[in-house]
Amino acid sequence: MIRKLLTEGMDTHDLTRLDVYRGRGGYAALAKALGGMSPEDVFNEVKTSNLRGRGGAGAGAAFKWSTLPNDGRPRYLILNGDESEPGSFSGRMLIERNPHRIIEGALLAAYACGMAKTFVYLRGEFYEGYAILKRAVEMARDAGLVGERILGSGFSHEIVVHRGAGAYICGEETAIMESLEGKRGHPRTKPPFPTAAGLYGMPTVINNVETIANLPGIVENGGAWFAAIGPEKSPGTKICSVSGRVRRPGNYEIEMGTPLRELIEEHAGGLEPGHELQFILPAGASSALIQPKDLDVSLDFDSMMAIRSMLGSAGMLVCDERDCPVHVAYLGARFYHHESCGKCTPCREGTGWTEKVLYRMEHGQGRPGDTERLEQLCQGIGGRKCLCLLGDFSVTYLQSALRAFRDAFVAHEHGSCPMARQEVAIR
Amino acid sequence: MPLDLETARAAVARYPSPRSALLTLLWQAQEADGWVTPQTVETVAELLGLTASDVESVLSFYSMYRRTPPATRRLQVCRSLACAMKGAEEILEHVRAETGVGPGETAPDGSFSVEVVECLAACDHAPSCLWNERMEGPLDKQGALARLRGQGGDPA
(Lines give C-alpha, C1' and ligand atoms only; values in the text may rest on other atoms or scores of the structure.)
Protein backbone atom coordinates (compact mmCIF):
# COMPACT_ATOMS: atom_id res chain seq x y z
CA MET A 1 0.00 0.00 0.00
CA ILE A 2 0.97 3.61 -0.54
CA ARG A 3 2.51 5.08 2.60
CA LYS A 4 3.99 8.54 2.39
CA LEU A 5 6.79 9.16 4.87
CA LEU A 6 9.39 10.81 2.63
CA THR A 7 7.00 12.23 0.06
CA GLU A 8 4.33 13.41 2.49
CA GLY A 9 2.97 16.84 1.52
CA MET A 10 5.07 16.93 -1.62
CA ASP A 11 2.16 16.89 -4.06
CA THR A 12 0.26 19.67 -2.35
CA HIS A 13 2.95 21.93 -0.88
CA ASP A 14 6.13 23.63 -2.04
CA LEU A 15 8.47 21.95 0.43
CA THR A 16 11.51 23.59 -1.18
CA ARG A 17 10.47 26.67 0.83
CA LEU A 18 11.94 26.61 4.31
CA ASP A 19 8.87 28.19 5.95
CA VAL A 20 6.57 25.60 4.36
CA TYR A 21 8.83 22.70 5.34
CA ARG A 22 9.09 23.97 8.92
CA GLY A 23 5.37 24.72 9.07
CA ARG A 24 4.72 21.03 8.40
CA GLY A 25 6.98 19.86 11.21
CA GLY A 26 10.29 20.06 9.37
CA TYR A 27 13.50 20.44 11.41
CA ALA A 28 11.57 19.35 14.56
CA ALA A 29 13.66 16.17 14.65
CA LEU A 30 16.85 18.22 14.47
CA ALA A 31 15.62 20.45 17.30
CA LYS A 32 14.72 17.35 19.33
CA ALA A 33 18.16 15.79 18.77
CA LEU A 34 20.14 18.93 19.55
CA GLY A 35 17.83 19.88 22.43
CA GLY A 36 18.33 16.85 24.62
CA MET A 37 19.61 13.76 22.83
CA SER A 38 23.25 12.75 22.83
CA PRO A 39 24.87 11.60 19.57
CA GLU A 40 24.71 8.04 21.02
CA ASP A 41 20.95 8.46 21.58
CA VAL A 42 20.47 9.36 17.91
CA PHE A 43 22.70 6.47 16.84
CA ASN A 44 20.71 4.07 19.02
CA GLU A 45 17.37 5.16 17.55
CA VAL A 46 18.71 4.50 14.06
CA LYS A 47 20.02 1.12 15.21
CA THR A 48 16.65 0.23 16.72
CA SER A 49 14.88 1.32 13.52
CA ASN A 50 16.73 -1.37 11.51
CA LEU A 51 16.93 1.10 8.59
CA ARG A 52 18.61 -0.48 5.57
CA GLY A 53 20.39 1.42 2.79
CA ARG A 54 18.11 2.42 -0.08
CA GLY A 55 20.82 2.82 -2.71
CA GLY A 56 21.09 -0.81 -3.74
CA ALA A 57 22.86 -3.16 -1.37
CA GLY A 58 20.46 -2.83 1.56
CA ALA A 59 23.20 -2.78 4.23
CA GLY A 60 22.16 -1.72 7.74
CA ALA A 61 22.63 2.06 8.10
CA ALA A 62 23.62 1.88 11.76
CA PHE A 63 25.93 -1.05 11.09
CA LYS A 64 27.83 0.97 8.50
CA TRP A 65 28.15 3.86 10.95
CA SER A 66 29.30 1.53 13.74
CA THR A 67 32.38 0.49 11.73
CA LEU A 68 33.85 4.01 11.94
CA PRO A 69 37.09 3.83 13.93
CA ASN A 70 37.40 5.91 17.10
CA ASP A 71 40.79 7.43 16.44
CA GLY A 72 40.20 11.17 16.52
CA ARG A 73 40.68 11.69 12.76
CA PRO A 74 38.11 13.88 10.97
CA ARG A 75 35.15 11.93 9.59
CA TYR A 76 33.22 12.75 6.45
CA LEU A 77 29.69 12.07 5.27
CA ILE A 78 28.97 11.72 1.57
CA LEU A 79 25.39 11.74 0.35
CA ASN A 80 25.13 9.77 -2.85
CA GLY A 81 22.84 11.63 -5.23
CA ASP A 82 24.54 10.41 -8.39
CA GLU A 83 21.46 8.36 -9.39
CA SER A 84 22.49 7.10 -12.82
CA GLU A 85 20.98 3.62 -12.90
CA PRO A 86 18.69 3.47 -15.94
CA GLY A 87 15.15 3.22 -14.58
CA SER A 88 15.79 4.93 -11.22
CA PHE A 89 14.46 8.44 -10.66
CA SER A 90 13.34 8.65 -7.04
CA GLY A 91 16.43 10.49 -5.80
CA ARG A 92 15.96 13.28 -8.33
CA MET A 93 12.40 13.80 -7.10
CA LEU A 94 13.51 14.03 -3.45
CA ILE A 95 16.34 16.42 -4.30
CA GLU A 96 14.14 18.70 -6.40
CA ARG A 97 11.02 18.62 -4.25
CA ASN A 98 12.02 17.81 -0.67
CA PRO A 99 15.57 19.16 -0.29
CA HIS A 100 15.23 20.19 3.36
CA ARG A 101 14.36 16.64 4.34
CA ILE A 102 17.74 15.57 2.90
CA ILE A 103 19.55 18.41 4.68
CA GLU A 104 17.86 17.61 8.00
CA GLY A 105 18.72 13.93 7.60
CA ALA A 106 22.35 14.76 6.83
CA LEU A 107 22.59 16.95 9.93
CA LEU A 108 21.18 14.13 12.09
CA ALA A 109 23.65 11.61 10.66
CA ALA A 110 26.50 14.08 11.10
CA TYR A 111 25.49 14.70 14.72
CA ALA A 112 25.20 10.98 15.50
CA CYS A 113 28.58 10.13 13.96
CA GLY A 114 30.54 13.30 14.74
CA MET A 115 31.16 14.14 11.08
CA ALA A 116 33.42 17.06 10.20
CA LYS A 117 31.67 17.88 6.95
CA THR A 118 28.98 16.61 4.57
CA PHE A 119 29.37 16.48 0.80
CA VAL A 120 26.29 15.94 -1.31
CA TYR A 121 27.39 14.45 -4.63
CA LEU A 122 24.85 15.13 -7.37
CA ARG A 123 25.23 13.91 -10.92
CA GLY A 124 26.07 16.64 -13.42
CA GLU A 125 22.80 16.30 -15.35
CA PHE A 126 20.79 17.48 -12.32
CA TYR A 127 21.05 21.16 -13.28
CA GLU A 128 17.77 21.97 -11.57
CA GLY A 129 18.30 19.78 -8.52
CA TYR A 130 21.72 21.32 -7.96
CA ALA A 131 20.29 24.85 -7.96
CA ILE A 132 17.39 23.85 -5.68
CA LEU A 133 19.52 21.99 -3.14
CA LYS A 134 22.18 24.71 -3.05
CA ARG A 135 19.49 27.33 -2.45
CA ALA A 136 17.95 25.16 0.28
CA VAL A 137 21.32 24.87 2.06
CA GLU A 138 21.71 28.67 1.91
CA MET A 139 18.20 29.18 3.31
CA ALA A 140 18.98 26.73 6.11
CA ARG A 141 22.26 28.52 6.82
CA ASP A 142 20.49 31.90 7.04
CA ALA A 143 18.06 30.35 9.54
CA GLY A 144 20.85 28.99 11.74
CA LEU A 145 20.23 25.37 10.72
CA VAL A 146 23.57 24.87 8.95
CA GLY A 147 26.93 26.32 9.95
CA GLU A 148 28.18 27.40 13.36
CA ARG A 149 26.35 26.49 16.60
CA ILE A 150 23.21 25.11 14.96
CA LEU A 151 19.98 26.17 16.71
CA GLY A 152 22.10 27.63 19.50
CA SER A 153 23.61 24.27 20.41
CA GLY A 154 27.27 23.30 20.53
CA PHE A 155 26.92 21.43 17.22
CA SER A 156 28.40 23.01 14.09
CA HIS A 157 28.28 21.50 10.62
CA GLU A 158 28.88 22.47 7.00
CA ILE A 159 27.21 20.96 3.93
CA VAL A 160 28.85 21.27 0.51
CA VAL A 161 26.73 20.54 -2.57
CA HIS A 162 29.03 19.07 -5.21
CA ARG A 163 28.35 18.29 -8.84
CA GLY A 164 29.67 15.48 -10.99
CA ALA A 165 30.04 15.89 -14.73
CA GLY A 166 28.69 12.84 -16.51
CA ALA A 167 29.92 9.42 -15.38
CA TYR A 168 27.75 6.50 -14.20
CA ILE A 169 30.69 4.99 -12.32
CA CYS A 170 30.73 7.93 -9.89
CA GLY A 171 27.72 6.39 -8.14
CA GLU A 172 30.09 3.64 -6.95
CA GLU A 173 31.21 4.41 -3.42
CA THR A 174 34.96 4.52 -4.00
CA ALA A 175 34.76 6.23 -7.40
CA ILE A 176 32.59 8.94 -5.81
CA MET A 177 35.46 9.69 -3.40
CA GLU A 178 38.04 9.85 -6.20
CA SER A 179 35.74 12.24 -8.05
CA LEU A 180 35.27 14.38 -4.93
CA GLU A 181 39.04 14.58 -4.62
CA GLY A 182 39.16 16.09 -8.12
CA LYS A 183 40.32 12.98 -9.95
CA ARG A 184 39.08 10.63 -12.66
CA GLY A 185 36.24 8.54 -11.25
CA HIS A 186 38.08 5.23 -11.00
CA PRO A 187 37.12 2.77 -8.25
CA ARG A 188 39.62 1.98 -5.50
CA THR A 189 40.61 -1.41 -4.14
CA LYS A 190 38.66 -2.59 -1.09
CA PRO A 191 39.73 -3.08 1.65
CA PRO A 192 40.32 -0.59 3.09
CA PHE A 193 36.62 0.18 3.22
CA PRO A 194 35.53 3.84 3.19
CA THR A 195 34.69 3.83 6.89
CA ALA A 196 38.36 2.99 7.61
CA ALA A 197 40.04 5.05 4.89
CA GLY A 198 37.74 7.05 2.62
CA LEU A 199 37.73 10.63 1.42
CA TYR A 200 41.26 12.08 1.83
CA GLY A 201 42.11 8.79 3.55
CA MET A 202 39.79 9.67 6.44
CA PRO A 203 36.89 7.62 7.87
CA THR A 204 33.93 8.21 5.56
CA VAL A 205 30.31 7.11 5.41
CA ILE A 206 28.49 7.10 2.08
CA ASN A 207 24.70 7.00 2.31
CA ASN A 208 22.10 7.30 -0.42
CA VAL A 209 19.91 10.43 -0.27
CA GLU A 210 16.76 8.33 0.25
CA THR A 211 18.36 6.51 3.21
CA ILE A 212 19.26 9.84 4.79
CA ALA A 213 15.78 11.28 4.17
CA ASN A 214 14.41 8.60 6.53
CA LEU A 215 16.31 9.91 9.55
CA PRO A 216 14.05 12.85 10.56
CA GLY A 217 11.08 10.49 10.95
CA ILE A 218 13.14 7.97 12.92
CA VAL A 219 14.47 10.58 15.34
CA GLU A 220 11.12 12.29 15.74
CA ASN A 221 8.98 9.18 16.27
CA GLY A 222 11.58 6.76 17.59
CA GLY A 223 13.37 3.79 16.08
CA ALA A 224 10.74 1.37 17.39
CA TRP A 225 8.02 3.20 15.45
CA PHE A 226 9.98 2.80 12.21
CA ALA A 227 10.90 -0.83 12.91
CA ALA A 228 7.19 -1.67 13.17
CA ILE A 229 6.41 -0.47 9.62
CA GLY A 230 6.40 -3.29 7.06
CA PRO A 231 8.36 -6.55 7.30
CA GLU A 232 10.59 -7.07 10.35
CA LYS A 233 13.82 -7.34 8.36
CA SER A 234 13.08 -4.60 5.79
CA PRO A 235 11.17 -1.93 7.68
CA GLY A 236 9.98 1.42 6.37
CA THR A 237 8.91 2.53 2.93
CA LYS A 238 10.55 2.50 -0.49
CA ILE A 239 10.06 4.95 -3.29
CA CYS A 240 9.61 2.83 -6.41
CA SER A 241 10.22 4.42 -9.80
CA VAL A 242 7.99 2.76 -12.35
CA SER A 243 8.60 3.31 -16.07
CA GLY A 244 8.18 1.55 -19.38
CA ARG A 245 4.90 0.13 -20.61
CA VAL A 246 2.57 1.12 -17.76
CA ARG A 247 -0.31 3.58 -17.96
CA ARG A 248 0.95 5.82 -15.16
CA PRO A 249 4.75 5.91 -14.97
CA GLY A 250 6.06 7.72 -11.91
CA ASN A 251 7.36 7.47 -8.36
CA TYR A 252 5.27 5.60 -5.78
CA GLU A 253 6.23 5.46 -2.12
CA ILE A 254 4.97 2.14 -0.79
CA GLU A 255 5.24 0.35 2.52
CA MET A 256 7.91 -2.33 2.31
CA GLY A 257 6.25 -5.70 1.81
CA THR A 258 3.67 -4.42 -0.67
CA PRO A 259 3.15 -6.98 -3.47
CA LEU A 260 4.79 -6.09 -6.78
CA ARG A 261 1.44 -6.86 -8.45
CA GLU A 262 -0.29 -4.10 -6.47
CA LEU A 263 2.40 -1.57 -7.44
CA ILE A 264 2.13 -2.37 -11.14
CA GLU A 265 -1.57 -3.07 -11.53
CA GLU A 266 -3.08 -0.57 -9.10
CA HIS A 267 -0.71 2.33 -8.53
CA ALA A 268 0.98 2.44 -11.92
CA GLY A 269 -2.36 1.73 -13.61
CA GLY A 270 -1.43 -1.61 -15.16
CA LEU A 271 -0.07 -2.21 -18.62
CA GLU A 272 -0.89 0.05 -21.56
CA PRO A 273 -4.30 -0.96 -23.03
CA GLY A 274 -4.21 -4.09 -25.15
CA HIS A 275 -0.77 -5.20 -24.02
CA GLU A 276 0.52 -7.94 -21.81
CA LEU A 277 3.28 -7.99 -19.23
CA GLN A 278 6.31 -9.94 -20.40
CA PHE A 279 8.96 -9.14 -17.77
CA ILE A 280 10.12 -6.47 -15.31
CA LEU A 281 13.59 -5.22 -14.49
CA PRO A 282 12.97 -4.35 -10.82
CA ALA A 283 16.18 -2.46 -9.99
CA GLY A 284 17.17 -0.82 -13.22
CA ALA A 285 19.35 -2.21 -15.98
CA SER A 286 21.51 -4.04 -13.41
CA SER A 287 18.89 -6.43 -12.13
CA ALA A 288 17.71 -9.94 -12.96
CA LEU A 289 14.33 -9.87 -14.68
CA ILE A 290 11.11 -10.93 -13.02
CA GLN A 291 8.50 -12.90 -14.98
CA PRO A 292 4.71 -12.61 -14.58
CA LYS A 293 4.61 -15.82 -12.52
CA ASP A 294 6.52 -14.03 -9.73
CA LEU A 295 4.34 -10.92 -9.72
CA ASP A 296 3.03 -11.66 -6.23
CA VAL A 297 6.48 -11.26 -4.70
CA SER A 298 6.64 -8.90 -1.74
CA LEU A 299 8.67 -5.73 -2.31
CA ASP A 300 11.36 -6.01 0.34
CA PHE A 301 15.07 -6.80 0.25
CA ASP A 302 14.87 -10.46 1.29
CA SER A 303 11.80 -11.56 -0.71
CA MET A 304 13.32 -10.13 -3.88
CA MET A 305 16.60 -11.96 -3.21
CA ALA A 306 14.63 -15.18 -2.72
CA ILE A 307 13.41 -15.07 -6.35
CA ARG A 308 17.02 -14.46 -7.56
CA SER A 309 16.45 -10.76 -8.20
CA MET A 310 16.84 -7.67 -6.04
CA LEU A 311 14.97 -4.64 -4.70
CA GLY A 312 18.01 -2.38 -5.07
CA SER A 313 17.04 1.14 -6.01
CA ALA A 314 13.54 -0.09 -7.06
CA GLY A 315 13.76 1.43 -10.53
CA MET A 316 11.12 -0.77 -12.16
CA LEU A 317 11.27 -0.99 -15.93
CA VAL A 318 8.13 -2.72 -17.18
CA CYS A 319 8.30 -4.54 -20.53
CA ASP A 320 5.42 -5.97 -22.56
CA GLU A 321 5.22 -8.35 -25.52
CA ARG A 322 6.61 -5.66 -27.84
CA ASP A 323 9.90 -5.58 -25.98
CA CYS A 324 12.26 -8.25 -27.21
CA PRO A 325 14.50 -9.49 -24.35
CA VAL A 326 17.42 -9.49 -26.81
CA HIS A 327 16.84 -5.84 -27.69
CA VAL A 328 16.68 -4.90 -24.01
CA ALA A 329 19.94 -6.83 -23.50
CA TYR A 330 21.53 -4.87 -26.35
CA LEU A 331 20.42 -1.55 -24.84
CA GLY A 332 21.88 -2.56 -21.48
CA ALA A 333 25.14 -3.76 -23.04
CA ARG A 334 25.55 -0.52 -24.98
CA PHE A 335 25.04 1.44 -21.76
CA TYR A 336 27.58 -0.55 -19.75
CA HIS A 337 30.18 -0.47 -22.51
CA HIS A 338 29.83 3.31 -22.64
CA GLU A 339 30.00 3.66 -18.86
CA SER A 340 32.77 1.16 -18.02
CA CYS A 341 35.56 3.32 -16.61
CA GLY A 342 38.22 1.24 -18.35
CA LYS A 343 40.32 0.38 -15.35
CA CYS A 344 39.79 -3.40 -15.07
CA THR A 345 40.22 -5.66 -18.11
CA PRO A 346 37.23 -8.07 -17.72
CA CYS A 347 34.80 -5.16 -17.58
CA ARG A 348 36.48 -2.87 -20.13
CA GLU A 349 36.93 -5.58 -22.79
CA GLY A 350 33.99 -7.77 -21.84
CA THR A 351 31.34 -5.04 -22.02
CA GLY A 352 32.64 -4.12 -25.49
CA TRP A 353 32.51 -7.71 -26.76
CA THR A 354 29.04 -8.22 -25.29
CA GLU A 355 27.77 -5.11 -27.03
CA LYS A 356 29.35 -6.22 -30.31
CA VAL A 357 27.73 -9.68 -30.23
CA LEU A 358 24.33 -8.29 -29.22
CA TYR A 359 24.56 -5.57 -31.88
CA ARG A 360 24.95 -8.10 -34.66
CA MET A 361 22.20 -10.32 -33.20
CA GLU A 362 19.92 -7.28 -33.14
CA HIS A 363 20.77 -6.34 -36.71
CA GLY A 364 20.09 -9.60 -38.50
CA GLN A 365 23.75 -10.64 -38.52
CA GLY A 366 23.71 -13.16 -35.67
CA ARG A 367 26.02 -16.16 -36.00
CA PRO A 368 25.49 -19.76 -34.90
CA GLY A 369 26.89 -20.11 -31.37
CA ASP A 370 26.32 -16.45 -30.39
CA THR A 371 24.02 -17.47 -27.52
CA GLU A 372 26.72 -19.68 -26.03
CA ARG A 373 29.26 -16.97 -26.71
CA LEU A 374 27.18 -14.59 -24.59
CA GLU A 375 26.96 -17.17 -21.81
CA GLN A 376 30.75 -17.51 -21.86
CA LEU A 377 31.15 -13.72 -21.79
CA CYS A 378 28.92 -13.53 -18.71
CA GLN A 379 31.19 -16.09 -17.02
CA GLY A 380 34.26 -14.10 -18.01
CA ILE A 381 33.00 -10.72 -16.82
CA GLY A 382 30.98 -11.67 -13.72
CA GLY A 383 32.10 -13.30 -10.49
CA ARG A 384 33.70 -10.29 -8.80
CA LYS A 385 36.82 -10.15 -10.93
CA CYS A 386 37.08 -6.36 -10.89
CA LEU A 387 37.56 -3.55 -8.38
CA CYS A 388 33.88 -2.61 -8.48
CA LEU A 389 30.65 -4.34 -9.47
CA LEU A 390 29.92 -2.52 -12.75
CA GLY A 391 31.04 -5.56 -14.75
CA ASP A 392 28.94 -7.91 -12.62
CA PHE A 393 25.95 -5.60 -12.98
CA SER A 394 26.42 -5.54 -16.75
CA VAL A 395 25.68 -9.28 -16.99
CA THR A 396 22.99 -9.71 -14.32
CA TYR A 397 20.04 -8.95 -16.59
CA LEU A 398 21.67 -10.71 -19.54
CA GLN A 399 22.15 -13.94 -17.58
CA SER A 400 18.56 -13.88 -16.37
CA ALA A 401 17.30 -13.21 -19.91
CA LEU A 402 19.40 -16.08 -21.27
CA ARG A 403 17.78 -18.35 -18.68
CA ALA A 404 14.21 -17.17 -19.24
CA PHE A 405 14.21 -16.45 -22.99
CA ARG A 406 16.98 -18.61 -24.46
CA ASP A 407 14.85 -19.40 -27.53
CA ALA A 408 14.66 -15.71 -28.42
CA PHE A 409 18.45 -15.44 -28.39
CA VAL A 410 18.84 -18.58 -30.51
CA ALA A 411 16.30 -17.20 -33.03
CA HIS A 412 18.45 -14.08 -33.35
CA GLU A 413 21.42 -16.26 -34.30
CA HIS A 414 19.53 -17.01 -37.51
CA GLY A 415 18.48 -13.47 -38.22
CA SER A 416 14.93 -13.58 -36.92
CA CYS A 417 13.29 -11.87 -33.98
CA PRO A 418 10.31 -13.58 -32.35
CA MET A 419 8.86 -10.14 -31.55
CA ALA A 420 9.41 -8.99 -35.15
CA ARG A 421 10.99 -5.77 -34.01
CA GLN A 422 11.89 -3.23 -36.65
CA GLU A 423 15.49 -2.38 -36.13
CA VAL A 424 16.50 1.23 -35.81
CA ALA A 425 19.54 1.54 -33.66
CA ILE A 426 22.23 4.11 -33.50
CA ARG A 427 25.62 3.16 -32.23
CA MET B 1 33.76 36.26 -20.00
CA PRO B 2 36.42 34.11 -18.37
CA LEU B 3 36.36 32.39 -15.01
CA ASP B 4 35.72 34.82 -12.14
CA LEU B 5 38.70 34.40 -9.84
CA GLU B 6 36.91 35.53 -6.71
CA THR B 7 34.08 33.01 -7.16
CA ALA B 8 36.66 30.37 -7.97
CA ARG B 9 38.67 31.02 -4.80
CA ALA B 10 35.49 30.91 -2.69
CA ALA B 11 34.75 27.46 -4.13
CA VAL B 12 38.28 26.26 -3.37
CA ALA B 13 37.89 27.39 0.25
CA ARG B 14 34.88 25.10 0.75
CA TYR B 15 36.98 21.95 0.42
CA PRO B 16 39.59 20.43 2.74
CA SER B 17 41.88 20.02 -0.31
CA PRO B 18 42.08 22.53 -3.21
CA ARG B 19 42.05 19.84 -5.90
CA SER B 20 38.52 18.84 -4.81
CA ALA B 21 37.28 22.07 -6.40
CA LEU B 22 38.50 20.99 -9.85
CA LEU B 23 35.15 19.82 -11.21
CA THR B 24 33.43 22.87 -9.70
CA LEU B 25 35.87 25.32 -11.32
CA LEU B 26 35.50 23.63 -14.70
CA TRP B 27 31.72 24.00 -14.34
CA GLN B 28 32.08 27.67 -13.45
CA ALA B 29 34.27 28.27 -16.48
CA GLN B 30 31.91 26.37 -18.79
CA GLU B 31 28.98 28.40 -17.50
CA ALA B 32 30.89 31.64 -18.17
CA ASP B 33 32.31 30.79 -21.61
CA GLY B 34 29.94 28.07 -22.82
CA TRP B 35 32.87 25.63 -23.01
CA VAL B 36 36.19 24.80 -21.37
CA THR B 37 38.75 26.88 -23.26
CA PRO B 38 42.49 26.10 -23.41
CA GLN B 39 42.99 29.25 -21.32
CA THR B 40 40.64 27.83 -18.64
CA VAL B 41 42.80 24.72 -18.36
CA GLU B 42 45.86 26.91 -17.67
CA THR B 43 44.04 29.18 -15.20
CA VAL B 44 42.47 26.32 -13.26
CA ALA B 45 45.78 24.44 -13.10
CA GLU B 46 47.48 27.52 -11.67
CA LEU B 47 44.71 28.17 -9.14
CA LEU B 48 44.88 24.60 -7.80
CA GLY B 49 48.63 24.07 -7.99
CA LEU B 50 48.28 21.39 -10.68
CA THR B 51 49.83 20.97 -14.12
CA ALA B 52 47.75 21.55 -17.25
CA SER B 53 48.04 17.84 -18.04
CA ASP B 54 46.62 16.96 -14.60
CA VAL B 55 43.59 19.08 -15.43
CA GLU B 56 43.33 17.59 -18.94
CA SER B 57 43.43 14.05 -17.57
CA VAL B 58 40.42 14.72 -15.34
CA LEU B 59 38.58 16.83 -17.89
CA SER B 60 38.73 14.07 -20.49
CA PHE B 61 37.12 11.54 -18.12
CA TYR B 62 33.84 13.42 -17.66
CA SER B 63 31.45 13.58 -20.60
CA MET B 64 29.69 16.86 -19.79
CA TYR B 65 32.54 19.29 -20.32
CA ARG B 66 32.55 20.81 -23.80
CA ARG B 67 35.87 21.16 -25.59
CA THR B 68 34.49 23.31 -28.41
CA PRO B 69 32.11 26.30 -28.41
CA PRO B 70 28.46 25.19 -28.11
CA ALA B 71 25.78 25.55 -30.76
CA THR B 72 23.05 28.13 -30.12
CA ARG B 73 20.43 25.44 -29.45
CA ARG B 74 21.35 22.12 -27.91
CA LEU B 75 19.30 18.93 -27.90
CA GLN B 76 20.56 15.95 -25.89
CA VAL B 77 18.36 12.89 -26.24
CA CYS B 78 18.46 10.02 -23.76
CA ARG B 79 19.00 6.65 -25.43
CA SER B 80 18.97 4.41 -22.34
CA LEU B 81 16.47 1.61 -21.82
CA ALA B 82 13.14 3.30 -21.06
CA CYS B 83 13.68 6.07 -23.62
CA ALA B 84 14.93 3.70 -26.33
CA MET B 85 11.87 1.50 -25.75
CA LYS B 86 9.66 4.56 -26.24
CA GLY B 87 11.23 5.58 -29.53
CA ALA B 88 14.24 7.82 -28.79
CA GLU B 89 16.20 6.37 -31.67
CA GLU B 90 13.35 6.81 -34.13
CA ILE B 91 13.31 10.50 -33.15
CA LEU B 92 17.06 10.79 -33.76
CA GLU B 93 16.71 9.06 -37.14
CA HIS B 94 13.89 11.42 -38.09
CA VAL B 95 15.98 14.45 -37.12
CA ARG B 96 18.87 13.15 -39.20
CA ALA B 97 16.62 12.52 -42.20
CA GLU B 98 15.00 15.96 -42.02
CA THR B 99 18.00 18.12 -41.15
CA GLY B 100 21.04 16.08 -42.11
CA VAL B 101 22.35 16.41 -38.57
CA GLY B 102 22.90 13.14 -36.71
CA PRO B 103 23.84 12.41 -33.10
CA GLY B 104 27.15 13.99 -32.15
CA GLU B 105 26.89 16.55 -34.96
CA THR B 106 26.31 20.28 -35.23
CA ALA B 107 24.45 22.09 -38.03
CA PRO B 108 26.94 23.73 -40.44
CA ASP B 109 25.76 27.23 -39.42
CA GLY B 110 26.21 26.41 -35.72
CA SER B 111 22.53 27.01 -34.96
CA PHE B 112 21.94 23.65 -33.26
CA SER B 113 23.58 20.43 -32.15
CA VAL B 114 22.24 16.94 -31.48
CA GLU B 115 23.72 14.52 -28.98
CA VAL B 116 22.80 11.23 -27.37
CA VAL B 117 23.19 10.90 -23.61
CA GLU B 118 22.69 8.06 -21.14
CA CYS B 119 19.87 7.83 -18.57
CA LEU B 120 18.81 11.25 -17.22
CA ALA B 121 16.73 9.83 -14.36
CA ALA B 122 13.56 11.01 -16.08
CA CYS B 123 12.28 7.63 -17.31
CA ASP B 124 8.71 8.54 -16.30
CA HIS B 125 8.78 11.14 -19.11
CA ALA B 126 10.38 8.90 -21.73
CA PRO B 127 11.65 9.68 -24.26
CA SER B 128 13.35 12.41 -22.25
CA CYS B 129 15.94 14.97 -23.23
CA LEU B 130 17.95 17.94 -22.10
CA TRP B 131 16.91 20.94 -24.17
CA ASN B 132 19.44 23.71 -23.59
CA GLU B 133 20.35 21.94 -20.33
CA ARG B 134 16.73 21.74 -19.14
CA MET B 135 15.10 18.38 -18.51
CA GLU B 136 12.08 17.87 -20.80
CA GLY B 137 9.89 15.02 -22.01
CA PRO B 138 8.20 13.16 -23.46
CA LEU B 139 9.87 14.24 -26.70
CA ASP B 140 8.36 13.40 -30.08
CA LYS B 141 9.55 13.77 -33.68
CA GLN B 142 7.69 17.00 -34.35
CA GLY B 143 8.72 18.51 -31.02
CA ALA B 144 12.37 17.70 -31.65
CA LEU B 145 12.31 19.33 -35.09
CA ALA B 146 10.40 22.39 -33.89
CA ARG B 147 12.91 22.95 -31.11
CA LEU B 148 15.88 22.63 -33.42
CA ARG B 149 14.35 25.00 -35.97
CA GLY B 150 13.86 27.61 -33.28
CA GLN B 151 10.09 27.17 -33.03
CA GLY B 152 10.07 25.46 -29.68
CA GLY B 153 10.74 28.01 -26.98
CA ASP B 154 13.73 30.24 -26.46
CA PRO B 155 17.13 28.80 -25.77
CA ALA B 156 18.33 29.40 -22.24
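So that the names make sense, note that chain A is the first sequence line, chain B the second, and so on, each numbered from 1.
Using the six-membered ring where Trp is involved, A:Y200 and A:F119 have ring planes that are perpendicular, over 60° apart on the 30 and 60° scheme.
Contact annotation for A:C341: both backbone and side-chain heavy atoms come within less than 4.5 Å of a heavy atom of chain B. Within the 4.5 angstrom heavy-atom criterion, atoms from both the backbone and the side chain of A:F335 approach chain B. The contact between A:E85 and chain B is made entirely by backbone atoms, counting heavy-atom distances below 4.5 Å. Of the atoms belonging to A:L199, not a single heavy atom falls under 4.5 Å from chain B. For chain B, no part of A:E178 is nearby; none of its heavy atoms comes within less than 4.5 Å. There is no contact between A:S241 and chain B, counting heavy-atom distances below 4.5 Å. Interface remark: A:R184 contributes backbone and side-chain atoms alike to the contact with chain B (heavy atom separation under 4.5 Å). At a 4.5 Å heavy-atom cutoff, A:Y168 makes no contact with chain B through either its backbone or its side chain. Contacts between A:E125 and chain B at a heavy-atom distance below 4.5 Å involve backbone atoms as well as side-chain atoms.
Side chain of A:R334 to backbone of B:R79: a donor-acceptor contact under 3.5 angstrom is found.
Annotation: cation-pi geometry satisfied between A:R123 and A:F126 (NZ/CZ under 6.0 angstrom from ring centroid, within 45° of ring axis).
For CD of B:E31, the number of neighbouring non-hydrogen atoms (other residues, nucleotides, ligands) closer than 6.0 Å is greater than 12.
Chain A forms more heavy-atom pairs under 4.5 Å with one residue of B:E118, B:Q30, B:R14 than with any other, namely B:E118. Of the listed residues A:S179, A:G332, A:C319, the one with more heavy-atom pairs under 4.5 angstrom with chain B than any other is A:S179. Note on A:A165, A:S90, A:P86, A:S88: by heavy-atom pairs under 4.5 Å with chain B, the leading option is A:A165.
Taking 4.5 Å as the heavy-atom cut-off, the residues of residues 54-67 of chain B that approach chain A are B:S57, B:V58, B:S60, B:F61, B:Y62, B:S63, B:M64, B:Y65, ordered by number.
A:T7 is not listed as a side-chain neighbour of A:N251, based on a closest heavy-atom distance of 4.5 Å or more.
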